[in-house]
Peer 1: 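Here's a structure for you.
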Amino acid sequence: MNLFLEDFPASIGRISSGGPEDQLRIAHGLKNSALHMGAEKLSRRMGELEDKLSRQGGQAAPGELAEALAEFETFAGALREYAAA
């Protein structure tokens with residue numbers, strides 16, 4: 001749980017700076033991690049991004065990454081509370 005909370009924001013940042021294969025690998029991993037943590041909406045968002053990145057010339061727009069990070073923060077607040085209890 002803590003690893004997810006710590007790594008997700010940094011991984012989102014690496015999507016914008018990585019090459020196409022790295023971007024796709026990171027998006028796929030974040031999709032699965034989010035699903036594993038119960039963040040279904042975030043997992044769907046990352047799946048949509050993964051689909052986009054898998055197409056020829058597909059790139060992540062900065063706005064998409066910001067939206068994914070905002071979705072993460074919404075979920076992470078409740079997860080942090082749970083982890084602190």
Peer 1: Which heavy-atom pair separates A60 from L53 by the least distance, and what is that distance?
Peer 2: N-CD2, 3.7 Å
Peer 1: Does any N or O in the side chain of E6 come within less than 3.5 Å of the main-chain N or O of L3, such that one atom is a donor and the other an acceptor?
Peer 2: no
Peer 1: Using atom types as modelled and distance alone, determine if a side-chain donor or acceptor of E50 lies under 3.5 Å from a backbone N or O of H28.
Peer 2: no
Peer 1: So, E73 and R80, do they make that salt bridge, N to O below 4.0 Å?
Peer 2: yes
Peer 1: For side chain to side chain donor-acceptor pair (under 3.5 Å), just list the numbers for S11 and R14, CA-CA rounded to whole Å, side-chain angles, deciding distance to a tenth of an Å, and then say yes or no.
Peer 2: CA-CA 5 Å; S11 295; R14 288 194 312 271; 3.0 Å; yes
Peer 1: May I ask you to decide if the ring planes of F8 and F72 are parallel, tilted or perpendicular, using 30° and 60° as cut-offs?
Peer 2: parallel
Peer 1: Taking atom types as modelled and ignoring hydrogens, do the side chains of H36 and N32 form a donor-acceptor contact shorter than 3.5 angstrom?
Peer 2: no
Peer 1: Atom CG in L30, atom CD1 in I15: separation rounded to 0.5 Å?
Peer 2: 5.5 Å
Peer 1: May I ask whether M37 and L69 are part of the same hydrophobic cluster, defined by side-chain heavy atoms of I, L, V, M, F, W, Y residues being less than 4.5 angstrom apart, directly or through others?
Peer 2: yes
Peer 1: Minimum heavy-atom separation for D51 and S54, please, with both atom names.
Peer 2: O-OG, 2.7 Å
Peer 1: Applying the 4.5 Å side-chain criterion to the ILVMFWY set and letting contacts propagate, would L35 and L5 be lumped into a single cluster?
Peer 2: no
Peer 1: Quick one: CG on D7 to CD1 on I26, what's the gap to the nearest 0.5 Å?
Peer 2: 11.0 Å
Peer 1: Is S43 reaching over with its side chain to a backbone N or O of K31, donor-acceptor style, under 3.5 angstrom?
Peer 2: yes
Peer 1: Any chance CD of Q59 has more than 12 other-residue heavy atoms, nucleotides or ligands included, within less than 6.0 Å?
Peer 2: no
Peer 1: Does F75 reach the side chain of K41, with side-chain heavy atoms less than 4.5 Å apart?
Peer 2: no
Peer 1: If you round to the nearest 0.5 Å, how far is CD1 of I12 from CE of M46?
Peer 2: 4.0 Å
Peer 1: Start with the C-alpha distance between E48 and K52, add both sets of side-chain angles, then the distance that settles side chain to side chain contact (heavy atoms under 4.5 Å, CB included), and finish with yes or no.
Peer 2: CA-CA 6 Å; E48 291 167 1; K52 181 179 180 181; over 6 Å; no
